[in-house]
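All heavy atoms count here, side chains included; hydrogens, waters and symmetry mates do not.
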Amino acid sequence: MRSDAMKKGIERAPHRSLLYALGLSKGDLKKPLIGVVNSGNEIIPGHIHLDKITEAVKLGIRDAGGTPMEFRTIGICDGLAMGHTGMKYSLGSRELIADSIETVAMGTPFDGLVMITNCDKIVPGMLIAAMRLNIPTVVISGGPMLAGIYKGKKVGVDDVFEAVGEYTAGKLNDKDLDFLEMHACPGPGSCSGMYTANTMNCLTEALGLGLPGNGTIPAVDADRMRLAEEAGHTIMKCVEENIKPRDIATKEAFYNAIAVDMALGGSTNTALHIPAIAYYAEVDITLDDFDKLTEKVPHLCQLAPSGPDHMEDLNRAGGIPAIMKELSKKGLINSDAKTVTGKKVKENIKDAEIMDNNVIAPIDNPRHPTGGLTILKGNLAPEGSVVKSAAVVKEMLVNEGPARVFNSEEEAVEAILSKKIKEGDVVVIRYEGPKGGPGMREMLTPTSAIAGMGLDKSVSLITDGRFSGATRGSSVGHISPEAAAFGPIAAIQEGDRIEINIPEKRITLKISNEELETRLNKLKEKGEPEPKIKRGYMYRYSRLVSSAAKGAVFPL
């Protein structure tokens with residue numbers, strides 16, 4: 001056992017003495033030691049209940065003959081960090097989470113790990129750690145939040161963000177806004193729509209590192225506790241059979257995850273996190289893979305913010321196993337891929353079926369014939385950019401307008417809420433990329449304000465930053481190279497014409513190549529822009545981080 005390096009032999013008597021101080025017995029030390037890492041805290045609604053999930057996992061480990069050893073890592077709530085300096089730290093926390101888990105698991109040689117996660121950067125952070133460590137690992141999420149109810153309609157946090165724009169436009173009064181904000185998020189769990197956290201939890205399941213049901217069983221459902229206990233049983237099987245993350249996370253498995261992403265119409269952030277996880281697994285996954293699969297895989301679900309359904313509806317309709325079973329009918333899933341269950345995908349999904357075609361459309365009658373995300377390239381984004389095309393209204397699939405240029409999110413939000421943005425404008429927010437932000441913060445505030453003010457059918461927004469999974473509309477993010485790296489987005493001037501053509505996967509700054517080169521050369525003569533944060537972790541982050549097109553990763 002890996003833990004023998006810490007607990008076996010006469011020279012390890014001091015180590016055993018310290019372990020006995022924890023209350024462990026001699027019998028406990030003879031069993032495999034399983035690290036149980038969770039990001040539970042009293043800040044994030046998706047994590048407030050992870051102590052209960054953790055206890056169920058530990059019960060399963062003990063029941064299956066292991067000794068659990070719990071430790072914690074950090075977590076940031078993107079909803080609470082949204083719209084201020086705090087969001088600059090969110091993406092950077094992904095690498096901190098991975099580093100902290102790697103550090104503890106190397107300092108304490110566990111025989112296996114269970115990673116208990118739920119939200120935004122925490123899920124990919126833990127998956128990155130799993131790839132780096134490559135010891136038997138099972139990932140279990142805390143599950144999604146139930147939807148709130150407002151005037152007989154299911155709502156989520158995205159509706160509250162949009163309500164700010166509605167209130168500003170005079171469409172919502174004080175009483176209704178107060179009721180909505182009090183009831184949109186009714187309890188624990190990751191926010192209720194197909195936002196980043198739930199997308200990543202679903203893709204963890206599709207990747208094979210989470211158990212069936214990991215992505216969709218609600219946080220408050222008793223099935224979530226049973227699944228957590230089963231995760232404890234499963235890690236012991238993985239240790240016994242030496243099933244490791246990189247045995248599971250092959251290129252074929254990543255393709256399964258991307259295929260499910262396209263069927264779900266998941267968050268654009270997956271185009272950042274999946275390549276990053278693959279990078280640390282030493283598997284080559286790029287935006288080109290997303291581009292290839294979006295052509296092949298139909299969009300099957302209309303989940304918030306793209307439609308009326310929420311995670312509880314997807315779970316009721318059959319969840320990820322039903323989607324994978326449906327995609328497998330057209331050979332769009334590699335059914336021989338391995339999973340943490342010790343079984344192949346085809347064994348895990350053989351009894352799955354769609355229970356509600358209103359939530360999961362059959363593959364022969366999809367919502368859209370192509371995937372829910374689209375990769376756009378052109379002279380404005382030579383390395384690529386991404387848009388949640390499933391959440392774009394038909395009128396905006398092809399759009400051209402004058403650039404309204406802002407060098408920060410705050411400037412853009414002020415202009416939007418002051419009603420300085422007009423129909424037909426293309427809002428440009430730059431110097432918000434991984435280096436330039438630093439931290440490539442999500443920008444749900446401006447996109448929600450545009451939607452709430454009724455401009456989502458006429459105004460586009462493009463950025464070298466990124467968007468929340470709750471964003472909808474013609475919002476193109478991850479434009480690479482970013483402005484701080486002298487990408488073409490840095491050369492845009494007020495009033496320049498920008499064309500966005502989603503069906504043809506093209507984004508174009510309508511100036512000549514010569515003019516674009518002249519503008520960029522002038523910027524380069526001025527030297528690299530000053531970082532917006534000049535000390536501490538995010539300053540160091542800005543010096544190390546790669547392009548968003550490569551997953552915003554650090555050197556191996």
Side-chain angles (χ1 to χ4, degrees), residues 76-79 81-84 86-88 90-91 94 119-121 124 156-162 164-165 191 193-200 261 264-274 287 290 303-306 372-376 380-381 384-393 396 399 406 408-410 412-413 416 421 426-434 436-437 439-452 455-456 459-480 482-483 489 500 502 507 548-549 551-552:
I76 290 174
C77 177
D78 279 19
M82 198 74 66
H84 58 85
M87 181 49 80
K88 293 178 182 287
S90 176
L91 181 58
R94 187 185 73 182
C119 293
D120 294 288
K121 306 312 134 342
V157 71
D158 58 317
D159 295 283
V160 188
F161 273 96
E162 290 190 14
V164 175
C191 295
M194 188 49 69
Y195 317 137
T196 303
N198 290 325
T199 304
M200 288 305 303
D261 192 14
L264 290 170
S267 166
T268 53
N269 283 309
T270 59
L272 192 70
H273 297 317
I274 291 295
L287 291 182
F290 281 76
L303 297 156
S306 306
L373 299 182
T374 302
I375 305 302
L376 308 181
L380 189 47
S385 61
V386 62
V387 61
K388 185 186 273 194
S389 46
V392 180
V393 295
M396 294 297 286
N399 175 52
F406 305 95
S408 71
E409 177 186 6
E410 288 83 358
V413 170
I416 294 164
I421 301 302
V426 179
V427 176
V428 178
I429 306 178
R430 62 189 180 189
Y431 295 102
E432 291 286 7
M440 199 183 183
R441 56 181 167 172
E442 288 183 349
M443 287 179 275
L444 180 57
T445 300
T447 59
S448 296
I450 286 170
L455 294 172
D456 57 308
V459 171
S460 292
L461 191 152
I462 70 172
T463 181
D464 54 5
R466 60 197 178 92
F467 299 115
S468 164
T471 287
R472 64 185 177 92
S474 180
S475 304
V476 183
H478 303 206
I479 288 182
S480 301
E482 62 176 291
I489 190 172
I500 300 166
I502 294 172
I507 183 165

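Nearest heavy atoms, L373 versus G266: CD2-O, 3.1 Å. When all heavy atoms of S468 and T196 are compared, the closest pair comes out as C-OG1, 4.4 Å. A pairwise comparison of heavy atoms in S389 and I502 identifies CB-CG2, 3.8 Å as the closest pair. Contact record, S448 with F161: OG-CB, 3.3 Å, taken as the closest heavy-atom pair. What you find for I429 and M443 is that their closest heavy atoms are CG2-SD, 3.8 Å. Contact between T199 and S267 at its shortest, heavy atoms only, is OG1-N, 3.2 Å.
Using a 4.5 Å heavy-atom cutoff, the side chains of M440 and E432 are not in contact. With a 4.5 Å cut-off on side-chain heavy atoms, K388 and S475 do not count as touching. Between I450 and I416 there is a side-chain heavy-atom pair separated by less than 4.5 Å. Inter-residue side-chain proximity for V386 and T374 is flagged as unmet; no heavy-atom pair is nearer than 4.5 Å. With contacts defined as side-chain heavy-atom distances shorter than 4.5 Å, the pair L461/P446 qualifies. Annotation: side chain of F467 is in contact with side chain of T447 (closest heavy-atom distance under 4.5 Å). A 4.5 Å side-chain heavy-atom check between H478 and L272 finds at least one atom pair inside the cut-off. Side-chain contact check for I421 versus V427: some heavy-atom pair is nearer than 4.5 Å.
Between atom CG of residue L264 and atom OG of residue S306 there is a gap of 10.5 Å, rounded to the nearest 0.5 Å. Within the model, atoms CD1 of I462 and CD1 of I479 stand 4.0 Å from one another, a figure rounded to the nearest 0.5 Å. Rounding to the nearest 0.5 Å gives a distance of 8.5 Å between CE of M82 and SG of C77.
Legend: residues meeting salt bridge (Lys or Arg N to Asp or Glu O under 4.0 Å) with R94, ordered by chain and number and at least two apart, are absent. Legend: residues meeting side chain to side chain donor-acceptor pair (under 3.5 Å) with S385, ordered by chain and number and at least two apart, are absent. For the salt bridge (Lys or Arg N to Asp or Glu O under 4.0 Å) test, no residue two or more places apart in sequence or in another chain qualifies with E482. Every residue was checked against the side chain to side chain donor-acceptor pair (under 3.5 Å) condition with T445, not counting sequence neighbours, and none meets it. With sequence neighbours excluded, the residues satisfying salt bridge (Lys or Arg N to Asp or Glu O under 4.0 Å) with D78 are K121. D456 pairs by the salt bridge (Lys or Arg N to Asp or Glu O under 4.0 Å) definition with R472, not counting sequence neighbours. Take E442 and apply the side chain to side chain donor-acceptor pair (under 3.5 Å) test, not counting sequence neighbours, and it matches N269, R466. The side-chain contact (heavy atoms from CB on, under 4.5 Å) search around L287 returns A271, I375, A549, not counting sequence neighbours. Residues that satisfy the side chain to side chain donor-acceptor pair (under 3.5 Å) test with T268, not counting sequence neighbours, are absent from this structure.
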Please step through side-chain hydrogen bond (donor to acceptor under 3.5 Å, both in side chains) for the pair D261 and T270, ending with a clear verdict. CA-CA 8 Å; D261 192 14; T270 59; 2.5 Å; yes
Step by step, would you call I489 with T463 a side chain to side chain contact (heavy atoms under 4.5 Å, CB included)? CA-CA 8 Å; I489 190 172; T463 181; 5.5 Å; no
Test log, rule side chain to side chain contact (heavy atoms under 4.5 Å, CB included), inputs V476 and S460: CA-CA 8 Å; V476 183; S460 292; over 6 Å; no
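Using a cutoff of 4.0 Å between basic side-chain nitrogens and carboxylate oxygens, R441 and E410 are scored as salt-bridged.
Under the 3.5 Å distance criterion, the side-chain polar atoms of K88 are matched with a main-chain donor or acceptor of G437. Judged purely by atom type and a 3.5 angstrom limit, D464 uses its side chain to pair as donor or acceptor with the backbone of A483. The backbone N or O of M396 sits nowhere less than 3.5 Å from a side-chain atom of N399 that would complete a donor-acceptor pair.
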